[in-house]
Each structure stands twice: as C-alpha cells, then as structure tokens.
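Shown next, in structure tokens, is the structure this report addresses.
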2 protein chains.
Amino acid sequence: MDKVQSRARGRRGNGGGGAERPAQRDPERTRASILAAATKEFAENGIGGARVDAIAERAGTNKRMLYHYFGDKEQLYLAVLEEAYIGIRSAERSLHLSDLEPEQGVAELAMFTWKYFLDHPEFLSLLGTENLHRARWLRQSTRLKELHSNFIDKLADLLDRGKAKGLFRTDINPLNVYLTIAALGYFYLSNQHTLTTIFGRDLADKANLEAWKRHIVHVTLSSIRR
Amino acid sequence: MDKVQSRARGRRGNGGGGAERPAQRDPERTRASILAAATKEFAENGIGGARVDAIAERAGTNKRMLYHYFGDKEQLYLAVLEEAYIGIRSAERSLHLSDLEPEQGVAELAMFTWKYFLDHPEFLSLLGTENLHRARWLRQSTRLKELHSNFIDKLADLLDRGKAKGLFRTDINPLNVYLTIAALGYFYLSNQHTLTTIFGRDLADKANLEAWKRHIVHVTLSSIRR
DNA sequence: CAAGCCAGTAACTAAACGGTTACTTTGTGG
DNA sequence: CCACAAAGTAACCGTTTAGTTACTGGCTTG
C-alpha cells in the first residue's frame, strides 16, 4: 500500500530532459493506449471478432476506461477508423508532386502508396472490415467527410503537365490512375495469405516485395504513356 | 459397417411427371440450403460476426441440423470456403485460352475474371475474411490444395505464344499477369463502398463498371506489350 | 486544506452465443 | 408391420460478451 508519495510531476512539464515518470494518472496516455490496442484488435479480428475485454487488456487498463473515453464498442471502432484515415492523408501531404517531373511524380506516388500499405497492414485490414460492412461507419463520420483532400486535384495537375509535354495519353483521369496504383498494392498485400497458399510462392518474401513495387511502377506508367 | 447396398433411392425417383412432392425429409436439400445460408451469413458478417442461429433461420431449418451435417461453426465455414473456391476454379475451366490469339486470350481472361468477381460478391467477401485470418482455414483444407489447377500453366502457354510472335515482352511471367488482372478487379469491387464515400463518385454505377472493365483490359495489355 | 471532480478498479448482470440433450417423425428393409 | 436408422424439432446449458454499478484513490482549485 505504500504508493510512492513524490509523484508531483506536472506531466507535460518534464521538458528538462529527466527520465519520464510513469505517471499513475494520465488521461491522454490512457486514451492513446486504448486507441492503439483497439486498432490492433479490430485489425486482427474484424468488428465482430474483436473483444472489448481483449482491448482493455492489451491497453493495460480496465474495460471501464474504454467506455469512459469512447462510449461503446462501435464508437471506439469509429475512432480507430478515423485515426487510420487521418494517418494516410497526413502522410500523403509529405508528397510534393508539384515539384516533380510528370513521370517521376507518378512513380513517386506509386512507391509512396506501396510503402505506406506495406508499413501499415492494420490500415488495410480496417479498410477490408469497413468495406465488409458497406462503409457503414465511414459514412457516419463527419470528420472524415472533410478529409477528402485536394490530393486528387494535385494528381490531376501532375497528369496535365505530362499531357502538355506529350508524355501521357490525353484520355487518362486522375482517379483511375490512383485506383490502379492502390489496387495493385492493396490486393497483393491484403490477399497475400490466400495467394501464397494457393500458388505456393511466398509473396511476403523480400525479393518478391521489391519486384512487385517495380511492377506497380511499370504497370502504372505503361498504362498512361502515349 | 454393414451399409446396406441397394438403398433403392426413393426421393429422386419421382421423375414420372407428377407434381413435385414437397419432400418433408430431404437431406441433400437441407444440406444445400444450410450451405447457401451460411455463405450469405459469413460473407456479410465475417466469421466472428456470423451467427449460427441466423444461419439456421436463413436456411429455414433448425440449428441442430447444422451441427448434424457440418460438425461445428468452423467446419461449416470451411465448407463454405471450399465451395466458393471450387466455384471459380470450375468456371475458369470454361475458358479455352489455348484456342485464342495471345492478345485476345489475355483480354478474355481479364474480362472473365472481372465478370466473375462482379457476379459473385460473396466470393470476394469470403476471400477478405479468410485473409484477415491469415488463411487459417484455407491452409487446413486438403481438398483445396489439389485444386491449384493447371490454370497458371495454361496462361504461361498463352504468354509464351505471344512472346514467340514478338507481341509480348520476354520478361513477363504468368503469375504477375494474373495478379494484375485480379488486383484491378478485386480492389475496385471489394473497396467500392469506402471509395465511393471518400471520392464522392458512385463506383457501382453501370457506366463506371463498364469503363473499369475496359480499363483492366487496357492496363493489362499495355503492361505486357513490347 | 477541503470539496469536488476525474482517473481508475473490480465485481457484477442480463443477454447472446455456440453447442447439446432428449425427444418425435418419417422412411425403408427384413 | 415391425424394427431400426436417419431427419428433424425444441428446449435447454454453460460460457462468453458488451455494458454497468459501486466504489477507491488522486489531482486541482476556490
């Protein structure tokens, strides 16, 4: 029962550089760790298979806190989904397509998307889960409706520059180009387990992953070149 | 042990032409309707979200029968998965790639795959569910291991003919070509709900579906042509 | 420094769930 | 026509599940 007495610490005031104090009560940390745990649990098991108790345990906290911060299981799932989309959209912002030559820009976008999918398998799983349920929660989300991003517009500019230079076909549109890139990356990764089983070739092998990245760039570029 | 040999098939012997007997007891019919109901339920809700009671009700039978014919929920899911794979593999057999010119053959394969995916959304859902669980049940299945099909071999022949005629690049391989075709179809359809929500364009619209079919053929062919 | 609110815990509950038991009905072969 | 096996039903069972209640301990502020 002898809880350490000098917990003092103003939590966020530890800028000096000392060792981080565990901080027995830290709402932000608790909330964040619930969200992280829920992301894993929902990604691994889908919404129907995810267990509220499992999330609480993974977060190192209590089930009560989960309801305290997020209301119920569905709202928690929505928070997870929103955070996942915010993640990729903000990462996309680090791409500066307008600074690049048209072909190089398309190649960069393809490689960026591939790497993002590769590094964030939980994002792919959540997309799959959400689509299984016909975007039921995504449609509810007001936060995400605003997030559409001018991303497609930027891609359109890039493609227009390529068209003006006579490099690209004039009948291509940015949505199709993006869907092509996303499709090739998404399918390979999200379906790797059944494909590996059926075709007897380990798609997760490093050399195969690298080869598929080059394949995506090749396919995308050759489909838009004149 | 002493299985009676001449069970003397009742049941299907009503060929004479009389009105079809409702057949109060019909094991095959019951089994089939459970399988069909389970396919829907698993496709709509995933394995964790599917409810055994819901399957029994959809099948117009009793939960007991489900356990009678399939053992338990997981074995029923496996039976559903196996049937789904058998469906696409046997449909593939109706494609006679060896009779076609190389370019036409690739185009036919692409359009066939697209149409199959479009007509069998439950197959796509089951694939998604199975991959979420890292092909846990598919790997268990001994029946499906044999089903690999000489499909890839047939595609390889087609591509080789194209290479010999100087139509196709010599560095392409059949698995990549098939994955490209499948990826473009799968992603568009399985992710249509989130994509439609995010990009504000109805991907399920008939004109868009037709355009995407042409897009798949175009992308595939332009990526393999010399 | 005490009042009051907020973070956190554990034990509980009602309903839902997968699976089973005990039983009835129907068809078939001896 | 009787015996037996398979098809089918309904009520039930133990466990798991999402969600709650009642409580403790700690932080901030007037």
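Throughout, protein chains are lettered first and strands after them, A, B, ... in sequence-line order, and every chain is numbered starting at 1. Note that the structure is predicted; figures quoted are calculated from it, not measured.
Per the geometry, CG belonging to L66(A) stands 9 Å off P belonging to dG19(D), to the nearest Å. The nearest whole Å value for the distance from the CG atom in N45(A) to the C1' atom in dT16(D) is 15 Å. Per the geometry, CG belonging to D53(B) stands 11 Å off P belonging to dG19(C), to the nearest Å. The distance between atom OH of Y69(A) and atom C1' of dT9(C), rounded to the nearest whole Å, is 13 Å. Rounded to whole angstrom, the span from the OH atom of Y77(B) across to the P atom of dG18(C) amounts to 15 Å. As rounded to whole Å, 12 Å separates atom P of dG8(C) from atom CZ of F70(A). In this structure, CZ of R31(A) is placed 16 Å from P of dC6(C), rounded to the nearest angstrom. Rounded to an integer number of Å, the gap from M65(B) CE to dA6(D) C1' is 9 Å.
On a pure distance criterion of 3.5 Å, a polar donor-acceptor pair joins the side chain of K63(A) and the base of dA18(D). For a distance-only test at 3.5 Å, the side chain of R51(A) fails to qualify as a donor-acceptor partner of the base of dT16(D).
Taking only side-chain nitrogens and oxygens, H68(B) comes nearer than 4.0 Å to OP1 or OP2 of dA7(D). For dT21(C), neither phosphate oxygen OP1 nor OP2 lies less than 4.0 angstrom from any side-chain nitrogen or oxygen of Y67(B). For dG8(D), the OP1/OP2 oxygens have no side-chain nitrogen or oxygen of T61(B) closer than 4.0 Å.
Close placement of the Y77(A) and F42(A) rings is indicated, their centers lying within 6.0 Å of each other. Here the two rings, on F151(A) and Y178(A), have centers that are under 6.0 Å apart. Ring centers of F123(B) and Y85(B): under 6.0 Å apart, within the cut-off.
Heavy atoms of A50(A) sit under 4.0 angstrom from primed sugar atoms or phosphate atoms, though from no base atom.
With salt bridges taken as basic N to acidic carboxylate O contacts below 4.0 Å, none links R134(B) and E44(A). Of the charged side-chain nitrogens involved, at least one lies within less than 4.0 Å of a carboxylate oxygen, so that E92(B) and R89(B) count as a salt-bridged pair.
Across dA10(D), dG8(C), dG8(D), the shortest atom-to-atom separation from the side chain of N62(B) is found for dA10(D). In this structure, of dT21(C), dG18(C), dA18(D), it is dA18(D) that holds the atom nearest to the side chain of K73(A).
Positionally, the nearest nucleotide of DNA chain D for V52(A) lies more toward the 5' end than for the other of R64(A) and V52(A).
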